[in-house]
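From a predicted model like this one, the values you see are computed outputs, not experimental measurements.
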Amino acid sequence: MSTTSDPAHRTEAPRTAAEVNEDIRALWTRAGGRLSTEQRREYQRLVMEWSEARQRPPARGPRPATLPRPTRAAPATAAAPTGSEPHAA
């Protein structure tokens with residue numbers, strides 16, 4: 001989903017260059033290859049947004065939850081007596 005709202009008034013995270021590029025391509029497709037004055041202004045705004053997005057470092061996703069470190073298994077020992085077996089002394 002793409003929007004054409006002013007990026008200065010956006011509250012969500014900035015769009016990626018790929019997202020903005022999608023809007024630029026859609027604008028050219030809608031215009032049939034010839035931009036009106038209003039479309040040209042929109043194109044210039046999109047190009048500026050695209051340029052800014054290209055200069056930002058890639059966004060990192062949320063950090064994965066820290067998993068507990070595996071513990072070493074205790075060495076195998078003889079089973080505990082059940083009561084019917086004699087105890088070794």
Side-chain angles (χ1 to χ4, degrees):
M1 179 172 92
S2 62
T3 63
T4 57
S5 63
D6 182 4
H9 295 100
R10 295 173 60 90
T11 57
E12 65 258 12
R15 298 189 301 164
T16 65
E19 291 168 328
V20 179
N21 190 41
E22 187 178 308
D23 280 358
I24 292 170
R25 289 176 185 268
L27 174 63
W28 278 104
T29 300
R30 284 191 313 270
R34 298 193 92 143
L35 299 177
S36 68
T37 302
E38 183 63 32
Q39 289 168 324
R40 193 171 302 275
R41 280 193 283 266
E42 175 69 4
Y43 173 72
Q44 289 172 345
R45 186 195 64 75
L46 288 168
V47 169
M48 292 296 291
E49 185 181 352
W50 175 83
S51 177
E52 291 168 6
R54 294 270 303 160
Q55 294 173 19
R56 281 193 301 270
R60 292 187 177 189
R63 297 189 80 186
T66 304
L67 299 175
R69 298 186 114 193
T71 58
R72 291 184 175 230
T77 59
T82 61
S84 61
E85 300 153 24
H87 286 67

Practice problem: Can you sort out the partners of Arg40 under side chain to side chain contact (heavy atoms under 4.5 Å, CB included), two or more places apart, ordered by chain and number? | Solution: Leu35, Gln44

Quiz item: Is a side-chain N or O of Thr29 found less than 3.5 angstrom from the main chain of Arg25, in a donor-acceptor match?
Solution: yes

Self-check item: Sequence-distant partners of Gln39, side chain to side chain donor-acceptor pair (under 3.5 Å), two or more places apart
Solution: Ser36

Quiz item: Restricting to pairs with a member in residues 24-44, which pass ring pair (Phe, Tyr, Trp, His ring centres under 6.0 Å), not counting sequence neighbours?
Solution: Trp28-Tyr43

Quiz item: Taking only residues two or more places apart in sequence or in another chain, which ones pass salt bridge (Lys or Arg N to Asp or Glu O under 4.0 Å) with Arg41?
Solution: Glu38

Quiz item: Considering residues, nucleotides and ligands other than Arg56, do more than 12 of their heavy atoms fall under 6.0 Å from its CZ?
Solution: yes

Quiz item: Which heavy atom of Ala17 sits nearest a heavy atom of Ala53, and at what distance?
Solution: N-CB, 3.5 Å

Quiz prompt | Minimum-distance pair of heavy atoms, taken over all atoms of Val20 and Leu46 | solution = CG1-O, 3.3 Å

Quiz prompt | Ion pair Glu49/Arg45, N-O distance below 4.0 Å | solution = yes

Self-check item: Rounded distance [0.5 Å steps], CZ in Arg54 versus OG1 in Thr16
Solution: 11.0 Å

Quiz item: Once you round to the nearest 0.5 Å, how far does CD of Glu42 lie from CZ of Arg30?
Solution: 7.5 Å

